[in-house]
Amino acid sequence: MSASNEPWTVADAPDQSGRTAVVTGANTGIGLEIARGLARRGATVVLACRNDIAAATAKADIEDSVPGADIRTAHVDIGDLSSVTACARRLHGELSGLDLLINNAGVVAGSWTSTVDGFESDFGINFLGHFALTARLADLITAAPAGRIVGVGSLSHGRRNAALDFEDLQSERSFGRLVTYSRSKMAAMTFMVELQRRLAAVGSRALSVGAHPGGVRSTILRDQSLLARIAYSNVVMTLARPVTQTPEAGARSVLRAALDPAVPGAGFYGPVQRWGLVGPPVRLPTPAAAADSAAGRRLWAVAEELTGVEFVLGSPHRPAAGEIPAMAPRADAAGESA
């Protein structure tokens, strides 16, 4: 709730003029609405997307709805570590600073498929790719006066079987569409909390926070089985309106996590009405499993090994334009599945 005891809305956020945000997966769904909300508050927004045509369409859409908006695009395939590196290099060359990074892009794989680098798709995109992108942009964010990284979670990480299985993080032995997706989101939230610990340990002003959008009528399952497509069809979604919300409504939780000055480090936001599926964003307890410090340290080490990115905060060196932080690939890194 806001100070007036009314539900928080994007209008409650401070003016964002002079601030720059990068939103991954911003060409559709809640990513598009997150970007639109940031633009409405005056931020310069970079749509970091895999599909350049869709990104251009989204850019035009936001510009039409928000006159004077400063919208840019950047190509990135979160499922391809070389693309993540190239995107980070480009952003270092083009941006004078970066205030917000919203790790929104996500996937629900219907079967065990691999990314370009050989990782299971849910784990590789929902967690590893964003781990690498955050590491590559951390110097810009921590140099900002009030930098913030937002991890987008899901209600699914509250499932009993969403706990991380460090013996099978990539579901090579036990793939299940919902279980694997839930665990990838748990990994993302565990990373969010561990990142906040490390930011605080080095005295950084930057915050790492999280949010989940609730039950959103989105296109994330558009490439899934016939049953899933039927379940998320326009007809069924119309019938399910009491327990689902629009992408614009779902984006509010992420926007509050990104913009509300009262948000604390590792703060987690989402709706609470109707089993947490709909409603205005409020602060929620951080998922207990995600707050496990031993799991956070272990997951961080695994992510560094798999991606080949040594993610160290607190370096006094700020890369020059066009340079990305010196993070040498490990000898046994990227491209090999665990």
Side-chain angles (χ1 to χ4, degrees), residues 15-28 31-32 34-64 66-105 116 125 129-152 204-208 254-255 258-259 307 309 311 313 315-327 329:
D15 179 68
Q16 299 295 301
S17 297
R19 305 189 79 213
T20 300
V22 169
V23 184
T24 66
N27 57 283
T28 189
L32 174 60
I34 291 166
R36 195 190 313 276
L38 291 168
R40 283 180 173 147
R41 299 309 299 150
T44 294
V45 185
V46 180
L47 314 181
C49 307
R50 179 170 58 90
N51 186 320
D52 294 338
I53 295 175
T57 300
K59 178 178 184 293
D61 182 0
I62 297 172
E63 290 171 339
D64 285 344
V66 186
D70 184 357
I71 308 298
R72 309 174 191 185
T73 64
H75 177 84
V76 65
D77 181 348
I78 298 295
D80 180 347
L81 293 176
S82 66
S83 177
V84 169
T85 300
C87 178
R89 180 175 291 112
R90 175 182 171 185
L91 291 175
H92 273 86
E94 295 182 357
L95 301 180
S96 58
L98 178 59
D99 302 276
L100 293 169
L101 172 61
I102 300 182
N103 291 324
N104 165 74
V116 171
I125 295 170
H130 282 124
F131 175 91
L133 182 65
T134 304
R136 299 295 193 191
L137 297 176
D139 64 303
L140 290 176
I141 300 165
T142 56
R148 200 173 289 192
I149 302 108
V150 184
V152 178
S204 175
R205 296 167 295 185
L207 298 180
S208 173
V254 182
L255 287 166
L259 302 179
T307 63
V309 177
F311 191 165
L313 293 163
S315 171
H317 170 63
R318 187 180 189 283
E323 180 188 356
I324 61 174
M327 301 178 190

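Not measured: the values here are computed from a predicted model.
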Look up atom [atom1] in [X] and atom [atom2] in [Y], then write down how far apart they are to the nearest 0.5 Å.
X	Y	atom1	atom2	value
Asn51	Thr73	CG	OG1	11.0 Å
Ile78	Arg50	CD1	CZ	10.5 Å
Arg41	Leu255	CZ	CG	10.5 Å
Leu38	Arg19	CG	CZ	9.5 Å
Leu259	Ile34	CG	CD1	10.0 Å

If you define the side chain from C-beta out and look only at heavy atoms, does anything of [X] sit under 4.5 Å from [Y]?
X	Y	value
Ile62	Leu32	yes
Thr85	Arg136	yes
Leu133	Leu101	yes
Thr20	Arg72	no

> Pick one: which of Thr307, Val309, Val76, Thr24 meets side chain to side chain contact (heavy atoms under 4.5 Å, CB included) with Val84?
Replying inline: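 Only match with Val84 under side chain to side chain contact (heavy atoms under 4.5 Å, CB included): Val76.
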> Only one of Leu137, Thr44, Ile149, Asp139 clears side chain to side chain contact (heavy atoms under 4.5 Å, CB included) with Leu98; which?
Replying inline: Leu137
For [X] and [Y], which heavy atoms make the closest approach, and how far apart are they?
X	Y	value
Gly18	Asp99	O-OD2, 4.2 Å
Asn104	Gly25	ND2-O, 3.1 Å
Ala74	Leu91	CB-CD2, 4.2 Å
Leu313	Ala138	CD2-CB, 4.1 Å
Ile125	Gly79	CG1-CA, 3.7 Å
His130	Asn103	CD2-OD1, 3.2 Å

> salt bridge (charged side-chain N to carboxylate O under 4.0 Å, His left out): which pairs involve residues 77-88, sequence neighbours left out?
Replying inline: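 For residues 77-88, and leaving out neighbouring residues, there are no salt bridge (charged side-chain N to carboxylate O under 4.0 Å, His left out) pairs at all.
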> Passes side-chain contact (heavy atoms from CB on, under 4.5 Å), Ile71 versus Val66? Steps please.
Replying inline: CA-CA 10 Å; Ile71 308 298; Val66 186; over 6 Å; no
